[in-house]
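What follows is a single structure, written as C-alpha cells, with notes after it.
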Number of protein chains: 2
Amino acid sequence: MAKKNTLKYVILGLLRQHDLTGYDIKKLFSCEIGDFWNSKHSQIYPELKKLEEEHLITSRMEISGKKLEKTYYMIKSAGIDALDKWLSDPLDEIQPTRDDFTLKLYFIDHRHDQRIKNLFSEEILRHQKKFDYLSARMGELFSSRENQEQNFGHYLILKKAILRENTQLKWLKDEYRSLKNN
Amino acid sequence: MAKKNTLKYVILGLLRQHDLTGYDIKKLFSCEIGDFWNSKHSQIYPELKKLEEEHLITSRMEISGKKLEKTYYMIKSAGIDALDKWLSDPLDEIQPTRDDFTLKLYFIDHRHDQRIKNLFSEEILRHQKKFDYLSARMGELFSSRENQEQNFGHYLILKKAILRENTQLKWLKDEYRSLKNN
DNA sequence: GGAGACATGTAATGCGTTACATGATTTG
DNA sequence: CAAATCATGTAACGCATTACATGTCTCC
C-alpha cells in the first residue's frame, strides 16, 4: 500500500485528459472515480508540487473573479512518458479487500448470531446506494455509442463496477432472506 | 486507511479462536484470510506488544526443541469486549478498491489500444489463480454441513469471494473475447 | 450579509512497507 | 550439512488521515 505512490499516476492520468486545479482533482474523487481511488486535498496539493519539481507537470495561475488565485496544472511530455511506462508495467499481486463487512463477518461463528443480520442489512444499504449511483452515471455518460468508444476504459470500469455491485447485492439479498427464514 | 487500526481487531478476532504466536498470525494471512487482510510481521509483533500493554491480551512463553522461544498470545476478557464492541459498530463508508487493473484501464481511452488486451490477459491470470485457490479451500474446509454451521461467518465470506471471482472472471473473458474480435 | 461552496495550504500523527538483523529447527 | 522454514525483533521512510488555518466567491 505505502511505497507505491499510486496517487502520482492517478494525477498524471487525470491531467492528460484536461488541465486541472487541485480542487478539481479532489472533486473528481467524489464521482465514479471514487470507486477506485480517493485522496484528501491535504495530500493532493503537496503531491502536485512534487510532480512539478520533478518536471512531470507545470502550472499556470488564473485569477477568478477579483483576486481568487487558481493554479491549473498541465502535464508535460516527461509526465506522459512516466504515465505510459506505468501503464505498461505488470500488475501487482492482488491486494486484500480490507473491506470491513467481510472482516467482521469472518469473526462471527454462529449462524444465529443476530449481528450477522445487522451486518447484512447495513451492507445491503451501502451497496444499493452505490449501485444506484453508478447506474445513473452510466446513463449520463455513456448512453451514446460514440461516448463509449471515446472513453473506452472509463466505460469498461463503470460497467465492471455495476456488474460487481449487482452480483453482490443479489447475493446479499439471497443470504439475508435465508437468514431470516431460520 | 490510516487511523483505523483494523489490524488490532483482526488480531483479537483470530486470538478469540485460538492462542497464537505472531508467526502463526503472519501465516494465516497467506491463506484465504489474505483475501481480505494482510500485514507484515514487522507490524504484527509490535502490535501484539501494544495490545498486551493495553491489557487486551496476555502471553505465555513456550520452548520448542532445545531453546527456541515461542510467545503465544491469549485474549483476555477486555479483549473480547473490545472485539464485540467493534463488531457492533456501524460499517464505514465503502472504501475505494485501489485496484491497479481498474486504475490503469480507466486511463486508456481507445478501444484498439493494445494495452487493453494486455491488461485483460494479465488480470484473467491473476483472478483464475485466486478463484482456483478459493475453490480448493472451500472443498477442504466446508464440504461437511457441520463445518459450515460451526464457522458460519468464515463459510459466508469464502462463498462471497468465490462468487466475486467467478463473476469477475466471466466478465473479463467475455470482454477479452470481444476485444479480440475487433 | 450570511451560508455554502470554492480554493489552497501546513502540522501532527499513525498505519504500513522495505530493509536490516539474528538465531533455531527441520528436512532432505 | 545445507537449504528452507521457523521465529522474533528494530529502524527508516513514506503514504494517508485528521486537524488546524485562511481567505474568496456566488447565490439567496
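Note that the structure is predicted; figures quoted are calculated from it, not measured.
Contacts between residues 23-36 of chain A and DNA chain C, defined by a heavy-atom separation under 4.0 Å, are made by A:Tyr23.
Atoms CH2 (B:Trp37) and C1' (C:dT17) sit 13 Å apart, rounded to a whole Å. Rounded to whole Å, atom C1' of C:dG23 lies 13 Å from atom NE2 of B:His41. Atom OH of A:Tyr45 is separated from atom P of D:dC15 by 19 Å (rounded to the nearest Å). One can place CD1 of A:Ile44 at 14 Å from P of C:dT10, the figure rounded to the nearest angstrom. In this structure, B:Glu47 places its CD atom 13 Å from P of C:dT17, rounding to the nearest Å. Atom CD in B:Glu62 sits roughly 15 Å away from atom C1' in D:dC6 (whole-Å rounding).
Using a 4.5 Å heavy-atom threshold, the side chains of B:Ser59 and B:Tyr72 count as separate.
Nearest nucleotide to the side chain of A:Tyr73, out of C:dC15, C:dG9, C:dT18: C:dG9. Here the nucleotide nearest the side chain of A:Ser42, chosen from D:dA19, D:dA16, C:dA19, is D:dA19.
Judged purely by distance below 3.5 Å, without hydrogens or angles, the side chains of A:Ser39 and A:Trp37 pair a donor atom with an acceptor atom.
Contacts of B:Lys8 with the nucleic acid, taken as non-hydrogen atoms under 4.0 Å apart, are absent. Within 4.0 Å of A:Lys40, counting heavy atoms only, lies at least one base atom of the nucleic acid.
In this model, no side-chain donor or acceptor of A:Thr21 finds a partner on the base of C:dT8 within 3.5 Å.
Ring pair A:Tyr155/A:Phe152 is tilted by interplanar angle, where 30° to 60° counts as tilted. Classification of the A:Phe120-A:Tyr176 ring pair by plane angle, with boundaries at 30° and 60°, yields parallel.
Residue B:Glu140 places its CD atom among more than 12 non-hydrogen atoms of other residues, nucleotides or ligands, all under 6.0 Å distant.
A:Gln43 has a side-chain polar atom (N or O) that falls below the 4.0 Å cut-off from OP1 or OP2 of D:dA16.
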Interface polar pairs with nucleotides 25-27 of chain C, N/O, under 3.5 angstrom:
residue : atom : partner : partner atom : Å
C:dT25  : OP1  : B:Ser64 : O            : 3.3
C:dT25  : OP1  : B:Lys66 : N            : 2.7
C:dT25  : OP1  : B:Lys67 : N            : 2.7
C:dT25  : OP1  : B:Leu68 : N            : 3.2

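Between the NE2 atom in A:His110 and the CG atom in B:Asn151 there is a gap of 8.5 Å [rounded to 0.5 Å].
Following chains of ILVMFWY side-chain contacts shorter than 4.5 Å, one cannot reach A:Leu68 starting from A:Tyr23, and the two form parts of different hydrophobic clusters.
Screening B:Lys76, B:Lys70, B:Arg60 for a salt bridge (Lys or Arg N to Asp or Glu O under 4.0 Å) involving B:Asp19 leaves a single residue, B:Arg60.
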